[in-house]
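Numbers for residues simply follow the sequence, beginning at 1.
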Amino acid sequence: PAGGGCRTAGMTDEELWATVVGQAEAVGFLRSAAASPVHAYLFVGPPGAGRATAARAFAGSILARGTEGDDADRHRRLAGAGRHPDLVWVSPPGRALLVADAEGITVESSRSPIEADRKVMVIDRFDTAEPECAASLLKTIEEPPVTVVFVLLAEEVPAEHITIASRCVRVDLPPLADETVVAVLVA
């Protein structure tokens, strides 16, 4: 297939969620939540548990809402590949998420979506946010524009991030079972 394995056609909801392996409980919850998402989610789990893949699948489901057929499939495919214009991915360039990153997040969250009726902002490695950064993001995350859904990705929730964590719906993604890892590698 063209695009390094991506189809040029769309992607069904089933295909999108099938990319998240070994996390049936989280997938079931997120599929339901995508129908009427709240303002912020916190995905917590160790490296390799599928936080980023789950975030892309969740974003695809949210961005495809209100569309049908090829349009919906296209939203899901682009989000699943991390290339949707309304999926904004913020990763700290260094060891920590800084106040300057928070300022960029706040500015971007105020911009309107481009193609979908919502924008999904994923903040990767949120657990590395410096306390000042977390404090400056609090109001933005707890009261974002109605067109924005935040997804924070973290390995754990440090004590200084408890206030923001309490404003999010927490979704735990536990380590994958050895059998699941083996099955994925064999496939």
Side-chain angles (χ1 to χ4, degrees), residues 11 13-64 76 78-84 87-98 101-102 105 109 118-131 133-135 137-138 140-142 144 148-187:
M11 175 180 268
D13 198 55
E14 290 298 321
E15 290 170 326
L16 177 65
W17 285 105
T19 63
V20 184
V21 296
Q23 299 292 354
E25 187 174 335
V27 166
F29 173 77
L30 291 170
R31 285 183 83 166
S32 295
S36 183
V38 297
H39 66 285
Y41 294 83
L42 174 61
F43 293 10
V44 181
R51 290 174 306 193
T53 304
R56 286 189 298 271
F58 187 51
S61 284
I62 290 171
L63 298 171
R76 288 188 286 263
L78 289 174
R83 296 190 325 249
H84 196 289
L87 171 57
V88 179
W89 203 280
V90 179
S91 294
R95 64 172 184 74
L97 197 63
L98 306 173
D101 300 315
I105 291 165
S109 72
R118 289 193 182 230
K119 178 190 299 190
V120 178
M121 294 194 63
V122 178
I123 315 303
D124 197 7
R125 295 177 38 220
F126 184 72
D127 49 322
T128 69
E130 293 185 338
C133 172
L137 281 174
L138 179 60
T140 301
I141 290 174
E142 72 181 349
V148 176
V149 174
F150 279 100
V151 177
L152 312 177
L153 307 181
E155 288 185 36
E156 61 187 8
V157 181
E160 60 270 16
H161 293 46
I162 294 298
T163 303
I164 286 184
S166 72
R167 301 323 195 261
C168 302
V169 173
R170 182 174 171 144
V171 179
D172 288 304
L173 292 109
L176 297 177
D178 291 342
E179 305 80 44
T180 303
V181 174
V182 169
V184 169
L185 291 173
V186 169

Say you draw a straight line from [atom1] of [X] to [atom2] of [Y]; how long is it, rounded to the nearest 0.5 Å?
{"X": "Ile164", "Y": "Glu142", "atom1": "CD1", "atom2": "CD", "value": "8.5 Å"}
{"X": "Leu16", "Y": "Arg31", "atom1": "CG", "atom2": "CZ", "value": "8.5 Å"}
{"X": "Thr19", "Y": "Met11", "atom1": "OG1", "atom2": "CE", "value": "6.5 Å"}
{"X": "Arg95", "Y": "Glu130", "atom1": "CZ", "atom2": "CD", "value": "5.5 Å"}
{"X": "Leu152", "Y": "Phe43", "atom1": "CG", "atom2": "CZ", "value": "9.5 Å"}
{"X": "Glu25", "Y": "Leu173", "atom1": "CD", "atom2": "CG", "value": "10.0 Å"}

Grab the two heavy atoms, one from [X] and one from [Y], that are nearest each other, plus how far apart they are.
{"X": "Pro174", "Y": "Ala49", "value": "O-CB, 3.5 Å"}
{"X": "Gly48", "Y": "Leu176", "value": "O-CD1, 3.4 Å"}
{"X": "Leu42", "Y": "Ala154", "value": "CD1-CB, 4.2 Å"}
{"X": "Arg167", "Y": "Leu138", "value": "CG-CD1, 4.1 Å"}
{"X": "Tyr41", "Y": "Ala33", "value": "OH-CB, 3.7 Å"}

I'd like to know if the side chain of [X] and the backbone of [Y] have a donor-acceptor N/O pair within less than 3.5 Å.
{"X": "Arg51", "Y": "Gly45", "result": "yes"}
{"X": "His161", "Y": "Ala129", "result": "yes"}
{"X": "Glu155", "Y": "Asp127", "result": "no"}

With heavy-atom distances below 4.5 Å as the criterion, would you say the side chains of [X] and [Y] are in contact?
{"X": "Arg125", "Y": "Ser91", "result": "no"}
{"X": "Ile141", "Y": "Ile123", "result": "no"}
{"X": "Val169", "Y": "Phe29", "result": "yes"}
{"X": "Trp89", "Y": "Leu153", "result": "yes"}
{"X": "Trp17", "Y": "Leu30", "result": "yes"}
{"X": "Ser61", "Y": "Asp13", "result": "yes"}

Notebook entry, point to check: Of Pro37, Ser109, Cys168, which meets side-chain contact (heavy atoms from CB on, under 4.5 Å) against Phe150?
Noted result: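 When side-chain contact (heavy atoms from CB on, under 4.5 Å) is applied between Phe150 and each of Pro37, Ser109, Cys168, only Ser109 qualifies.
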Note to self: So that I can tick it off, tell me whether Glu14 and Arg76 are bridged by a salt bridge, with the cut-off set at under 4.0 angstrom between side-chain N and carboxylate O.
What the structure shows: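 Result for this pair is no, no salt bridge flagged.
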Check: Does atom CD of Glu160 have more than 12 heavy-atom neighbours, drawn from other residues, nucleotides or ligands, at distances under 6.0 Å?
Finding: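 Atom CD in Glu160 is packed in, count exceeds 12.
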